[in-house]
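In listed order, ligands and their atoms are each counted from 1. Just so it is clear, the structure is predicted and the values come from calculations on it, not from any experiment. Only heavy atoms go into these numbers, but all of them, side chains included; no hydrogens, no water, no symmetry mates.
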Amino acid sequence: MKYIVITGGVMSGLGKGITAASVGQILKNKGYEVTAIKIDPYINIDAGTMNPFQHGEVYILKDGAEVDLDLGHYERFLDTELTGEHNLTTGKVYRSVIEKERRGDYLGGTVQIIPHITNDIKERIRYIAAKSKADICLIEIGGTVGDIESMPFLEAVRQMHGEEAEEDVVFIHVTLIPLSLLGEQKTKPTQHSVKAFRELGLSPDIIVGRCKTPLSQETKSKISLFCDVPVQAVINAHDAEDIYFVPLLLEEQGLGEFLMKKLHLTPLGNRTEWRQMVEKMSSLKRRVSVAIVGKYTHLEDAYLSIKEALKHAGIDLGCAIDITWIEAENLEAEGTKCLDGLGGILVPGGFGVRGTEGKICAIKYARENDVPFFGLCFGMQLAVIEFARNVVGLEGAGSSELVETKHPVIDLIPEQCGIEDMGGTMRLGNYEASLKEGSLAHRIYGATEIIERHRHRYEVNPRYIDQIEAQGMIFSGRNNHRMEIAEIPSNTFFFASQFHPEFTSRPGRASPPFKAFVKAILESSR
Ligand code: GLN
């Protein structure tokens with residue numbers, strides 16, 4: 001197994017995840033199987049409880065793991081499906097070591113960071129890498145070198161470097177090259193961060209410099225000299241037009257070739273699908289506009305996978321997507337004027353009451369004006385509420401998650417039906433849905449059985465289904481008593497899912513409902 005360790009210096013938020021994913025993409029093009037592990041040195045066990053304001057979207061994997069959004073980059077760039085084991089956190093590692101200690105596994109010894117914590121980390125990395133049957137395993141260590149929390153992880157990879165063959169572990173350090181007030185590229189922060197790296201007994205093989213402008217030859221030479229890496233191993237990662245351009249940008253500078261040499265590998269192939277996809281992306285002829293009505297709209301990372309899935313749909317259909325972010329609460333205060341003229345309306349997932357009435361206004365607007373509408377998870381629940389209130393006439397219909405209501409059309413099912421196996425916990429990961437023959441859902445997927453990823457606790461209340469369907473909203477996707485898809489056949493495109501199709505959308509293979517949504521916008525704006 002070959003390991004490529006990606007660390008960061010100077011500051012976080014440099015796009016280490018995208019760099020790591022791009023490195024993987026390059027190696028994949030050379031015919032190798034690549035997997036990835038993301039290490040988040042925080043104490044949380046997983047990202048499930050984390051606020052999107054702080055960390056961006058919580059990404060959901062097929063096994064239901066709630067993980068860091070970088071795993072989404074890996075899945076999209078490597079076109080793979082990962083599991084929760086691929087996201088390591090301090091919380092997970094310490095929990096298992098403490099459990100082992102309580103069981104007496106350490107035979108009364110003193111349990112310490114070195115070797116017990118570091119051994120646990122190494123074991124996990126090797127186990128996951130082997131289990132994935134890949135040739136190369138990327139290991140991205142979150143945070144920056146020098147953070148207290150990342151120390152045990154850096155120590156573990158340092159040990160691995162000694163234990164594995166020389167050509168099996170490569171270190172890539174991603175740093176920031178800031179511009180001075182005069183616009184000069186400054187290398188000092190990079191020098192300091194490499195120094196901190198060396199103090200831990202590690203040395204970078206490759207330095208990726210993130211900079212607003214392409215690195216000059218002089219900057220590269222300086223970094224090479226002070227940080228002791230060959231000049232061809234100083235790679236320029238200036239701001240790209242789109243993250244999908246990054247693999248090409250790195251590859252043009254010979255990163256792939258350098259890695260092959262370092263890892264003692266020879267290219268097994270030369271896949272060009274990614275390049276073709278990027279070329280297609282650069283020549284999109286039309287534009288469509290989509291309103292995303294949410295509550296984290298000033299932090300676009302909170303809806304990252306949705307943005308990506310819309311982009312994939314656009315690439316497949318030959319159009320660029322202009323997203324207008326609409327803060328749901330503003331809609332409540334100012335009305336729906338801001339939606340006028342926009343091609344389609346998307347209401348994403350969410351939790352809690354803030355902004356819900358604004359989202360409901362947007363849904364009503366889409367339904368009444370026959371604007372293509374796409375609801376995801378909470379977006380579907382609110383579409384059902386809007387329909388129940390304004391078409392079925394169930395006054396004050398709502399979700400028991402939000403407010404007390406006479407008509408809980410969205411509810412925790414167990415209380416309602418005496419179904420006991422569900423509890424009040426989150427329904428996470430892959431579940432099947434059966435689609436109704438001849439429905440929009442059936443046409444979109446071209447199948448009657450599908451599997452998609454979920455993350456919800458509440459559902460459509462079965463008690464109201466007949467009443468709602470009698471008025472023209474149908475539940476065309478179901479998993480037994482659970483409603484998975486709602487659609488209004490009399491509208492041009494009104495489609496909402498309890499699941500999250502955005503997580504399985506890929507560049508070059510857009511998620512079917514995203515593609516259908518964008519196609520509907522294209523057709524209605526003709
Ligand atoms: N809050 C809703 C629920 O728990 C929807 C969740 C979501 O949109 N991911 O069911």
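Within 6.0 Å of CD on Glu395 lie no more than 12 heavy atoms contributed by other residues, nucleotides or ligands. More than 12 heavy atoms of other residues, nucleotides or ligands sit less than 6.0 Å from atom CD of Glu368.
Side-chain atoms of Glu484 and Tyr431 form no donor-acceptor pair, as typed in the model, at a separation below 3.5 Å. For Tyr59 and His73, the side-chain atoms include no donor-acceptor pair closer than 3.5 Å.
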Which donor-acceptor pairs under 3.5 Å do side chains of residues 375-384 form with protein atoms, sequence neighbours excluded?
unit_1: Gln381; atom_1: NE2; unit_2: Tyr458; atom_2: O; d: 3.1
unit_1: Gln381; atom_1: NE2; unit_2: Gln498; atom_2: OE1; d: 3.4

List of N/O pairs, ligand 1 versus protein, all under 3.5 Å?
unit_1: ligand 1; atom_1: 1 (N); unit_2: Gly350; atom_2: O; d: 3.0
unit_1: ligand 1; atom_1: 1 (N); unit_2: Glu401; atom_2: OE1; d: 2.7
unit_1: ligand 1; atom_1: 1 (N); unit_2: Glu401; atom_2: OE2; d: 3.0
unit_1: ligand 1; atom_1: 4 (O); unit_2: Arg457; atom_2: N; d: 3.1
unit_1: ligand 1; atom_1: 8 (O); unit_2: Gly350; atom_2: N; d: 2.9
unit_1: ligand 1; atom_1: 8 (O); unit_2: Gly350; atom_2: O; d: 3.4
unit_1: ligand 1; atom_1: 8 (O); unit_2: Phe378; atom_2: N; d: 3.1
unit_1: ligand 1; atom_1: 9 (N); unit_2: Arg455; atom_2: O; d: 2.8
unit_1: ligand 1; atom_1: 9 (N); unit_2: His500; atom_2: NE2; d: 3.4
unit_1: ligand 1; atom_1: 10 (O); unit_2: Gln381; atom_2: NE2; d: 3.0
unit_1: ligand 1; atom_1: 10 (O); unit_2: Arg457; atom_2: N; d: 3.0
unit_1: ligand 1; atom_1: 10 (O); unit_2: Tyr458; atom_2: N; d: 2.8

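The shortest heavy-atom contact between Gly341 and Ser289 is O-OG, 4.2 Å.
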